[in-house]
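Shown next, in structure tokens, is the structure this report addresses.
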Amino acid sequence: GTPYELFEPLGLDHTEILRGANGFDQGTLTLGGTINYVTADGRHAPPLAIRLEGGSYGYGKQQVAVGGHDAHWDYYLSLTHSERAGYQALTRGRSTGLVANLGYRFNALLETRLYLRWRNTFNGAPGDLTLAQIRSHPRQANPLNRRWGADRHQPGSIWLGGKTTLHLDQDSEVAVGWVWHRYPIDSAANIYSRDIWHFSDVSAVLSWRHHGEIFGRPHDLRAGILSTRNLSSSEDSTVRIAAGASAGWPTGSPVRRSTYGGGDHTLHLSENIEWIPDLHLIAGLSGLYSIRRTAVVRPFVNQPYRRERLAWAPRFGLTWDLPTGIQLYGNFSRSVQTPDSWAILSPPPAFSHGPATGWAIRGLDLQNQRASTVELGARGDSVIGSWSADIYRSAIRHELLSVQLQAATATQTEIDAEYNAAPTLHQGIEAGLQSWLAEGPRGRLQLVQAYTLSDFHYRGDIRFGHHQLP
């Protein structure tokens, strides 16, 4: 995965939103799905692009991008900067980023590309408000956050990777890639403490695809391995404001140091075959082996936590192309998502004295989230444009939710924890319409409409019953 500060849409050729198990062939099994950012390259981007944006509440954004190519080489570079004053107090923010890639085409069968992303962000942290506070003054920040000036700074996240693709023949190709990832965080959002996060990981991917005919029938067979390993991760928390549990402790005194580790290793195989004319059968299976490690090393408690899990996720589906040009589809899929290592370090148990009061002592044995999803839908073209519509229903076990254990007071920040919920249900309707209003030699005008109806709720929880999820 990638932290949100690197989600910069400028500098992209296009974005693919692959909800739920539709991200299966990317090697991911997360409940929400996959966002595939496809970076622009020098062979398709304009030689020079300048973009200026402005809006309400002090919003402004600028981009300068260049690209070019010859017979073998191509390059692309995009620089962005943005600022906003924000609607609410303590929502001022700014960011500066870079997106670049360099490609080389050896011949028609072999090409390679190097990618770089970097971004620096700063955002205020207004904190939580009660419903009564929002109704009386929606632009205010939490009084404690405003008093002590809470904020969050990501001083320079780096994403460096490469991908090489070899076309074995006109029907087959193999790709290998790697990514090194570093994303530090300097957070003062916890009011009384300053939290310095150091995270880095490395990933490798190997994929193979064969699309052509097998036993005389058109098919698309894919297989791949995606492996991510944590290199070095830790959180160092020190006293920022000598109040609450840290009252009487000098600024800069250690509160807690924790370490994190582990990795995710996914193997996936899928087949899409035209079983009879216009009717495609889709089947796939993924296996996920995950490791999570965490430990509190200061104050010393000697209670390290480690867990290893193996999970399987099948997928089955059908698509039927009607003579009218409408495609009907349906599928069943299983999604699996492992808790983040930082989420595992949630109370209870917690320290009961000193500046670390309320902070977790050791890792909590959280379970993987699992979703079983059924989806039915249709898509096609009409006189008003291209349309799509589908309904889905996901039965989820062990959904991970953030729970407030203790509300903030005048002398104590709130205490939150991650917990596995009782069974929950996600269901809804999604529809879209893409219409071309005008088209000419210098461009075209397009209208894109989307409709979403979502119903997420508990399924007979002992405390919350069938209440809606937050």
Side-chain angles (χ1 to χ4, degrees), residues 1-18 23 26-30 32-42 44-45 61 63-67 74-82 93-104 111-123 152-165 175-187 196-207 224-235 260-266 337-338 340-342:
T2 301
Y4 67 85
E5 69 271 15
L6 289 174
F7 289 178
E8 170 55 71
L10 298 185
L12 298 180
D13 181 77
H14 65 278
T15 303
E16 297 176 343
I17 308 298
L18 306 171
Q26 304 294 330
T28 59
L29 300 175
T30 55
T34 302
I35 301 176
N36 185 22
Y37 271 18
V38 182
T39 308
D41 61 58
H44 302 94
K61 190 171 187 178
Q63 179 203 23
V64 177
V66 295
D74 73 88
Y75 68 92
Y76 180 80
L77 172 66
S78 171
L79 300 174
T80 58
H81 177 76
S82 66
R94 64 179 182 271
S95 69
T96 302
L98 177 151
V99 174
N101 65 78
L102 178 66
Y104 185 78
E111 60 182 311
T112 190
R113 188 170 299 276
L114 184 68
Y115 300 89
L116 173 64
R117 284 181 172 268
W118 172 87
R119 201 146 184 253
N120 183 310
T121 67
F122 177 88
N123 293 283
R152 178 186 175 98
H153 181 207
Q154 280 122 323
S157 297
I158 301 174
W159 191 97
L160 177 65
K163 180 181 179 181
T164 300
T165 303
V176 59
W178 59 272
V179 168
W180 173 75
H181 201 184
R182 178 180 176 271
Y183 38 110
I185 303 172
D186 183 351
S187 174
I196 307 296
W197 296 76
H198 301 280
F199 270 82
S200 62
D201 55 52
V202 63
S203 299
V205 60
L206 175 64
S207 63
I225 300 172
L226 173 62
S227 179
T228 299
R229 180 178 178 273
N230 186 270
L231 294 178
S232 175
S233 299
S234 64
E235 178 193 11
Y260 306 91
D264 291 325
H265 312 284
T266 305
Q337 186 168 341
T338 302
D340 293 313
S341 55
W342 57 264

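Atoms considered below: every heavy atom in the structure, side chains included; atoms not considered: hydrogens, waters and symmetry mates. Starting from 1, each residue takes its place in the sequence as its number.
The structure places OG of Ser233 at 10.0 Å from NE2 of His198, a figure rounded to the nearest 0.5 Å. With values rounded to the nearest 0.5 angstrom, Glu235 atom CD is found 10.5 Å from Ser341 atom OG. Here Trp342 contributes atom CH2 and Trp197 contributes atom CH2; the two are 7.5 Å apart, rounded to the nearest 0.5 Å. One finds the CG atom of Leu6 at 9.0 Å from the CD atom of Gln154 (value rounded to the nearest 0.5 Å). Taking OG1 of Thr164 as the reference point, atom OH of Tyr104 lies at 13.0 Å (rounded to 0.5 Å). Atom-to-atom distance recorded for Ile225:CD1 and Thr266:OG1 is 10.0 Å, nearest 0.5 angstrom.
The shortest heavy-atom contact between Tyr76 and Ala65 is OH-CB, 3.5 Å. Asn230 and Tyr260 make their closest contact through OD1-O, 3.4 Å (heavy atoms, listed as atom of the first residue, atom of the second, distance). For the residue pair Tyr183 and Ser157, the shortest heavy atom distance occurs at CB-OG, 3.6 Å. Nearest heavy-atom pair, Ala45 versus Ala40, reported as atom, atom and distance to 0.1 Å: CB-CB, 4.3 Å. The two atoms that bring Arg119 and Glu8 nearest to each other are NH2-OE1, 3.3 Å, heavy atoms only. Across all non-hydrogen atoms, the minimal contact from Gly11 to Gln63 is N-NE2, 3.5 Å.
Contact check for His153 versus Asn120: side-chain heavy atoms found under the 4.5 Å cut-off. Looking only at side-chain heavy atoms (C-beta outward), Ile35 and Thr15 come within less than 4.5 Å of each other. Between Leu79 and His81 the shortest side-chain heavy-atom distance does not fall below 4.5 Å. Residues His181 and Thr228 form no side-chain contact, since every pair of their non-hydrogen atoms from C-beta on lies 4.5 Å or further apart. At a threshold of 4.5 Å between non-hydrogen side-chain atoms, the residues Arg182 and Leu160 do not count as touching. Leu116 has its side chain out of reach of Leu102: every pair of non-hydrogen atoms, C-beta onward, lies at least 4.5 Å apart.
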Verdict with supporting geometry, Asp41 and Asp13, side-chain contact (heavy atoms from CB on, under 4.5 Å) | CA-CA 8 Å; Asp41 61 58; Asp13 181 77; over 6 Å; no
After noting the C-alpha distance and the side-chain angles of Leu226 and Asp264, does the key distance pass the side-chain contact (heavy atoms from CB on, under 4.5 Å) rule?
-> CA-CA 8 Å; Leu226 173 62; Asp264 291 325; over 6 Å; no
For the pair Thr39 and Arg113, evaluate side-chain contact (heavy atoms from CB on, under 4.5 Å) and give the outcome as yes or no after the intermediate values.
-> CA-CA 11 Å; Thr39 308; Arg113 188 170 299 276; over 6 Å; no
Hey, mind stepping through Trp180 and Leu231 against side-chain contact (heavy atoms from CB on, under 4.5 Å) and telling me if it holds?
-> CA-CA 10 Å; Trp180 173 75; Leu231 294 178; 3.9 Å; yes
For side chain to side chain donor-acceptor pair (under 3.5 Å), just list the numbers for Ser82 and Ser95, CA-CA rounded to whole Å, side-chain angles, deciding distance to a tenth of an Å, and then say yes or no.
-> CA-CA 5 Å; Ser82 66; Ser95 69; 2.7 Å; yes
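Taking the six-membered ring where tryptophan is involved, the planes of Tyr115 and Trp159 are perpendicular, since the angle between them exceeds 60° and thus also 30°.
In the displayed structure, Lys61 atom NZ is contacted under 6.0 Å by more than 12 heavy atoms of other residues, nucleotides or ligands.
When only modelled atom types and interatomic distance are considered, Glu111 and Thr165 share no side-chain donor-acceptor pair under 3.5 Å.
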